[in-house]
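Side chains included, hydrogens not; waters and symmetry mates left out as well; all remaining heavy atoms used. The residues of the chain are indexed from 1 along the displayed sequence.
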Amino acid sequence: MATSAFANSLLSSSTSLAHGVLPSTNNNFLLPSRVSVSNPRSQNPLLSAHFKLKDKTNSSSLITFCSLGAAAAANDPKEEQIPIELKYPAYPTVMDINQIREILPHRFPFLLVDRVIEYNPGVSAVAIKNVTINDNFFPGHFPERPIMPGVLMVEALAQVGGLVMLQPEVGGSRENFFFAGIDKVRFRKPVIAGDTLVMRMTLIKLQKRFGIAKMEGKAYVGGEVVCEGEFLMATGGE
């Protein structure tokens, strides 16, 4: 009962816990020996404490674990030792550039898709475009501040849409595939050299009778939308 009462008193003493100090009346209470963070949405989001009662030779020890989130990460030596070049895995390759060239008729300097990382034929595709300073549009757009033209982001998205449409499941034909229109296009942020443009195109509606497909496209850099819009693709005759 005495131990329980003392634990309750510690729980109500937020000032002492915030500094990692334990009020103590005897030598049975130990200093924190371990760092831990529990619920970050508690009343104090930066600090949390766990209490564990431990009986040892007829005496009670109260072990308190309290820490800031950064200190918890510092206790993982493996996390600190991983070099940055090994921390982030590469995008998966579902379709490489050679497979892309077998589907799309575009060629340099207008092939704007480097790799497909997710693919559902006739439904959706996610692909990437590695934007580099060597891209041929940068010398003129703009010499002092190289920015990828928005119209080329739209074209890159349309090419990803072509990868979705030019499949037997949809009835698309490489010879008769055209970019028919765009709507509700918005450019949210500039795309610069060094960025990786991640593009998702999803088939929304297909009218096989008229050879028209409506698609939704979004392009991301670092998880943030930089371009989005609705696209019309035509698969009719020439």
Taken to the nearest 0.5 Å, the spacing of E230 CD from I182 CD1 works out to 11.0 Å

Interatomic distance, CE@M199 vs CD@E228, rounded to 0.5 Å, equals 15.0 Å

Membership question, hydrophobic clusters at under 4.5 Å side-chain separation (ILVMFWY): are I117 and I97 in the same one? no

Quiz item: With a 4.5 Å heavy-atom cut-off, do R145 and I192 have their side chains touching?
Solution: no

Indicate, with yes or no, if I103 and F179 share a hydrophobic cluster defined by side-chain heavy-atom contacts under 4.5 Å among Ile, Leu, Val, Met, Phe, Trp and Tyr. yes

* Asked: What's the verdict on side-chain contact (heavy atoms from CB on, under 4.5 Å) for M165 and M215, showing C-alpha distance, side-chain angles and the deciding distance?
  -> CA-CA 10 Å; M165 294 296 299; M215 308 190 75; 4.0 Å; yes

Donor-acceptor pair, side chain of Q99 and main chain of D96, under 3.5 angstrom: yes

*With the 4.5 Å side-chain cut-off for hydrophobic clustering, are V185 and I204 part of the same group?*
no

Contact check, side chains of Y91 and T196, non-hydrogen atoms, under 4.5 Å:
yes

Heavy-atom closest pair (V113 atom, A127 atom, distance to 0.1 Å) is CG1-CB, 3.6 Å

Run the side-chain contact (heavy atoms from CB on, under 4.5 Å) test on V123 and V164 for me, step by step, so that the C-alpha distance in whole Å, both residues' side-chain angles and the decisive distance to 0.1 Å come before the verdict. CA-CA 6 Å; V123 179; V164 177; 5.7 Å; no

Residues 131-144 vs salt bridge (charged side-chain N to carboxylate O under 4.0 Å, His left out), sequence neighbours excluded, gives K129-D135

Correct closest heavy-atom pair for P109 and L112 would be O-CD2, 4.3 Å

Q: Quick one: do L197 and V226 satisfy side-chain contact (heavy atoms from CB on, under 4.5 Å)? Show the steps, please.
A: CA-CA 9 Å; L197 194 65; V226 295; 3.7 Å; yes

Side chain to side chain, F138 and V131, heavy atoms closer than 4.5 Å: yes

Would a hydrophobic clustering, with Ile, Leu, Val, Met, Phe, Trp and Tyr connected at side-chain separations under 4.5 Å, put V160 with L104? yes

Between the CZ atom in F142 and the CZ atom in F137, the distance rounded to the nearest 0.5 Å is 12.0 Å

Value for CE (M148) from OG1 (T132), rounded to nearest 0.5 Å, stands at 10.5 Å

Whether Q159 side chain and H106 backbone form a donor-acceptor pair below 3.5 Å: no

In terms of heavy-atom contacts, M153 and C227 come closest through SD-CB, 4.1 Å

Open item on the list: I'd like to know if V154 and V126 are part of one continuous hydrophobic network [Ile/Leu/Val/Met/Phe/Trp/Tyr, side-chain heavy atoms within less than 4.5 Å].
Closed with: no

d(F178 CZ, I212 CD1) to nearest 0.5 Å is 11.0 Å

CG (L203) and CD (E216) are apart, to the nearest 0.5 Å, by 11.0 Å

inquiry  = Are the side chains of I147 and V191 in contact, using a 4.5 Å heavy-atom criterion?
reply    = no

Are V225 and K189 close enough, and set up right, to give a side-chain contact (heavy atoms from CB on, under 4.5 Å), and what steps lead you there? CA-CA 8 Å; V225 176; K189 289 188 175 182; over 6 Å; no

Side-chain heavy atoms of K205 within contact of Q207, under 4.5 Å
yes

So the side chain to side chain donor-acceptor pair (under 3.5 Å) pairs with at least one residue in residues 110-121 (sequence neighbours excluded) are T93-R115, E118-R200, Y119-Q167, N120-S124

